[in-house]
Every structure is written in C-alpha cells, then in structure tokens.
Amino acid sequence: MKSVGVAILGLGVVGGGTYKILTEHREFYRRTQNIDISVESVLELNKQRALDLGIEESKISDNIAEVVSNPNVDIVVEVIGGVEPAKSFVLAALHSGKTVVTSNKELFCKYWYELERAARRTNAGLYFEASCVGGVPIIRTLTDGMQANVVHTLTGIINGTTNYILTRMAREGLDYAAVLKDAQALGYAEKDPTADVEGFDAAYKLSILSSLAFHTKVPLDKVYREGITGISKLDIAYGEELGYVLKLLAIGKNDGAGRIEVRVHPAFIRKDHPLASVNDSFNAVFLQGDSVGEIMLYGRGAGSLPTGSAIVSDVIYAATHADHKYATFKNTQLAEKGVRFVTDFQSRYYIRFTAHDRAGVLAKVAGVFAKYNISIVDFIQKGEDFDRAEGEGEGIPVILITHTTSEFSVRRAVEKIAALDGIVQVNSVIRVEN
Ligand code: HSE
C-alpha cells in the first residue's frame, strides 16, 4: 500500500476540518483507495491549538523550511488564506517538489500563473478544489467531468455570506444593515465583511471558474463586480411582487467566438429558476455545456468539514494519479491575445424611481426609454395612498422591468431620467437574468 505524508499549513477552521477528516477516515482510505495518508507535519504558530487537536508535539512546526524539507511530507495543504505569507510558503513547497493543495482563492486567482510555473518546473501537483464553492466539487466537474463539452454559460451563487443575508432580507423583510449585524453575531459574516458583501470573494472564484470553463485565462480585473451593500429591502419586496428573487450572481458567458463576459452583481431571477431556491448560506453553480445540456451542483460553499472535504478529495486525487494535470490554457498573468471581454452586457433591468404624481412625468420617462430603444415589459406604479414603507420619501415609486437591452443604453437612459423635472430620484437599477 502506498504511504502518503501530508503537511497542513494553518490549523484554522479549514485546517482543523482537514485534519479531522484525514485522521478519522484514515482506515477508510486505506480500504477504499489503497493508500495510507498520515499527517506528518503542521505549521501552526498557536502550538496549543495543534496540541488540542491531538497532534504530536514533534509534528508541530513554526518554520516553513523545516516543513518543506521533511522527507516524510509528499503533499502540502495550504489553508492560511490571503496572499502573504501563503504565497511564499506555497512556492517554497513547490520548489521542493511537494504537491500543493490549497483553498486560497485570492492567492490562486491572482498568482495561478506563477504557482503553476513553479509546479511544472519540479513536476509537482497543484490542486485547488477547495478554492471555489467549498465542498461543492465544481473544479473537478469542470476539469474532469465536463471536458467533453464546450461550456457556454456558468451561473452561480458562489458566496454563502451574501446568500444568507439576501435570504433573510427577503424572508423577514429586514434591512441589509440589520441582517449583516445579526450574521456577524452568528458567525455567518466576518467582522470585516468587505470581501464577501462587496463581491470580491465571488469575483476571485469567478475568475478561476470561468478560466477553467472557457479554457482561457480570465484575469480578475476583467470581472465586473458589484456587491450587495446598496440593496434595499424595498427592491426585494417589489421584485417579489413581480415574481422575482434577488441573488448575488456570478455569471460567465462564452460565445465561442472569442467574446467572454464575466460579472458578479446582484440580479433578479424568476422564482422558478433552479437557482432561486438556493437559500441561506448554500451555494450552487449552474452550467450549460453543448453536449450535456444543463447541470447544477448544490451544496455548502464554506465551513470546516465541507471545505475540508474538498481539500481531502484533492489529496486523494494527487496521491492516486501518477501524472499531474495543469491548466488546459496558456496560464499567464494577462488574458490571451484575441479574447474580448464584453463590458456592454445584454440584460433585462429592474429600475425603481420615485416621481411626483402629476401629468406628463411618465410620458417624459417613456420618451427617454424610446430614445435609447429600451422597451418595457412590466410595470408597477403605486398611487399616493400606497402603503409607504419606512425609507420611502416624497413622491410615488415606479418600478419597471425592461426587455433585454444593453448595459450602456440603460446607464445613459437612467442618467437622463434622474435629471427630468418631476423625478425625485432613481433609487435602484438591478439586472434581471433569464
Ligand atoms: N466567505 C465565503 C462565503 C466562503 O461566504 O461564501 C469562503 O469562500
């Protein structure tokens, strides 16, 4: 039976889960995979934390050089997060010929090309299932399960924190700020929630996933990003009246002719869309391949054991495959020449504005839409006697849904509408996805 030694860098939530899975399932992997995986070393500055997990003192280190020069270590698991010191540690492991398994989406999406170059030089493996969508095996689905297909679209709810917040706002009619506070108290949101609520976390993941799905480098700076901090409970309620649910979506589209679109932003989807019922902190990714058609993966995108599950699946994969696989595309820092990243998206739009209730105002608004060739598909206007919610000032709310139109046309039209006499303000513009 093959013996495989693992080092874990960082014994936080994911590192602890990884250790637990590896030790509790050791016998199971011996039986089912014919490999004996042992944790040979951990890099952890908080020695007590390691001791509390039952790790022998001789295996606890605070020195990366010691870990990567340990001949009993074959695979180094990096679960520290952030760019440094994780990047230096991962490079040290790869330079020593150790295979690396990481959950680090920020490091991976920014420096994948550099890590892969180092891995190829020493024939080391580089695995990153846990970097995207936690326990949901989306990376292996793309690299090993979907390789027969040209993938045209990838649509996902790939951040659990924002999905939790939006679900509770919708369910309980609460404001963003109130739910965020509660989510922080319950441990669903970080003390500094910026990476999640501003869409950075989802953008890191979309950069990685769309590179794999479309077989070309999708650099982070090509991902359009908007978070959920400006979302009002009123929009969620009006959207619901029109048959929609609001989600933070990560969307990747590939027209097969060199045009790629990658964006992370809040979007309304119809209540009967498969992603509409993905609630709380769950994640899901919906893929369309030219041969398989539509598939959807659903599960936990974060957490100690779900993310540990992804890490351990990579450890087993690396240990049971003689040849390591690398990116199917030219893995450079920048996008490949010839790929065009679309910024003038085609979408439908939900637009909410507040207007004075007098003759001619809506006619002027309609004139602006006509000028920009924007056609309206659905419409709500409340009378003066409507049940005014907290936060709704003077004027009456008007809500429109457009037919598919261009992002730039909508932006220009909205600017003009905001400046019209009789318009108090344009409150929100939210994309509506089919
Ligand atoms: N913070 C992420 C989320 C989990 O809320 O989904 C790790 O990527």
Side-chain angles (χ1 to χ4, degrees), residues 10-18 77-83 86 101-112 127-139 142 154-169 176 179-212 220 223 225-229 231 246-251 264-267 275 278-286 297-314:
L11 284 179
V13 174
V14 178
T18 301
V77 170
E78 183 275 308
V79 279
I80 299 166
V83 171
V101 170
T102 179
S103 61
N104 195 330
K105 69 219 95 165
E106 182 180 0
L107 172 65
F108 215 75
C109 97
K110 291 181 179 167
Y111 297 102
W112 186 355
Y127 296 93
F128 50 100
E129 179 66 72
S131 68
C132 297
V133 204
V136 177
I138 179 65
I139 303 279
L142 288 169
L154 177 157
T155 312
I157 294 171
I158 58 177
N159 180 269
T161 305
T162 46
N163 203 36
Y164 176 84
I165 293 172
L166 292 174
T167 302
R168 284 200 52 199
M169 285 175 75
Y176 166 77
V179 179
L180 172 64
K181 212 164 145 204
D182 211 31
Q184 286 171 314
L186 292 167
Y188 283 100
E190 306 271 351
K191 217 159 124 197
D192 176 359
T194 314
D196 292 314
V197 299
E198 295 293 3
F200 290 102
D201 175 81
Y204 297 152
K205 294 169 184 166
L206 183 60
S207 154
I208 298 170
L209 294 177
S210 51
S211 297
L212 293 172
L220 179 64
V223 179
R225 179 191 52 78
E226 253 176 52
I228 65 162
T229 52
I231 294 296
L246 190 75
K247 298 289 181 190
L248 182 73
L249 290 189
I251 299 168
V264 168
H265 54 69
L275 290 171
V278 176
N279 285 320
D280 301 304
S281 61
F282 279 92
N283 285 200
V285 183
F286 185 79
L297 284 88
Y298 168 89
R300 293 228 172 259
S304 174
L305 294 180
T307 312
S309 156
I311 295 271
V312 175
S313 85
D314 272 350

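Indexing begins at 1, ligand by ligand and atom by atom, following the structure's order. Every value quoted in this text rests on a predicted model; they were computed, and no experiment measured them.
Checking side-chain atoms of N159 against main-chain N and O of T161 turns up a donor-acceptor pair under 3.5 Å. Side-chain atoms of N104 come within 3.5 Å of backbone N or O of G82 as a donor-acceptor pair. The backbone N or O of G160 sits nowhere less than 3.5 Å from a side-chain atom of S281 that would complete a donor-acceptor pair. Although no hydrogens or angles enter the test, the distance criterion places a donor-acceptor pair under 3.5 Å between the side chain of S304 and the main chain of V13. Side-chain atoms of T18 come within 3.5 Å of backbone N or O of V14 as a donor-acceptor pair.
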Starting from the N and O atoms of ligand 1, find every protein N or O within less than 3.5 Å and list the pair with its distance.
from, atom 1, to, atom 2, distance (Å)
ligand 1, 1 (N), D196, OD1, 2.9
ligand 1, 1 (N), D196, OD2, 3.4
ligand 1, 5 (O), N159, ND2, 3.4
ligand 1, 5 (O), G160, N, 3.3
ligand 1, 5 (O), T161, N, 2.9
ligand 1, 5 (O), T161, OG1, 2.6
ligand 1, 6 (O), G160, N, 2.6
ligand 1, 8 (O), K105, NZ, 2.5
ligand 1, 8 (O), D201, OD1, 3.1
ligand 1, 8 (O), K205, NZ, 2.8

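L142 CG to L212 CG: the interatomic distance, rounded to the nearest 0.5 Å, is 5.5 Å.
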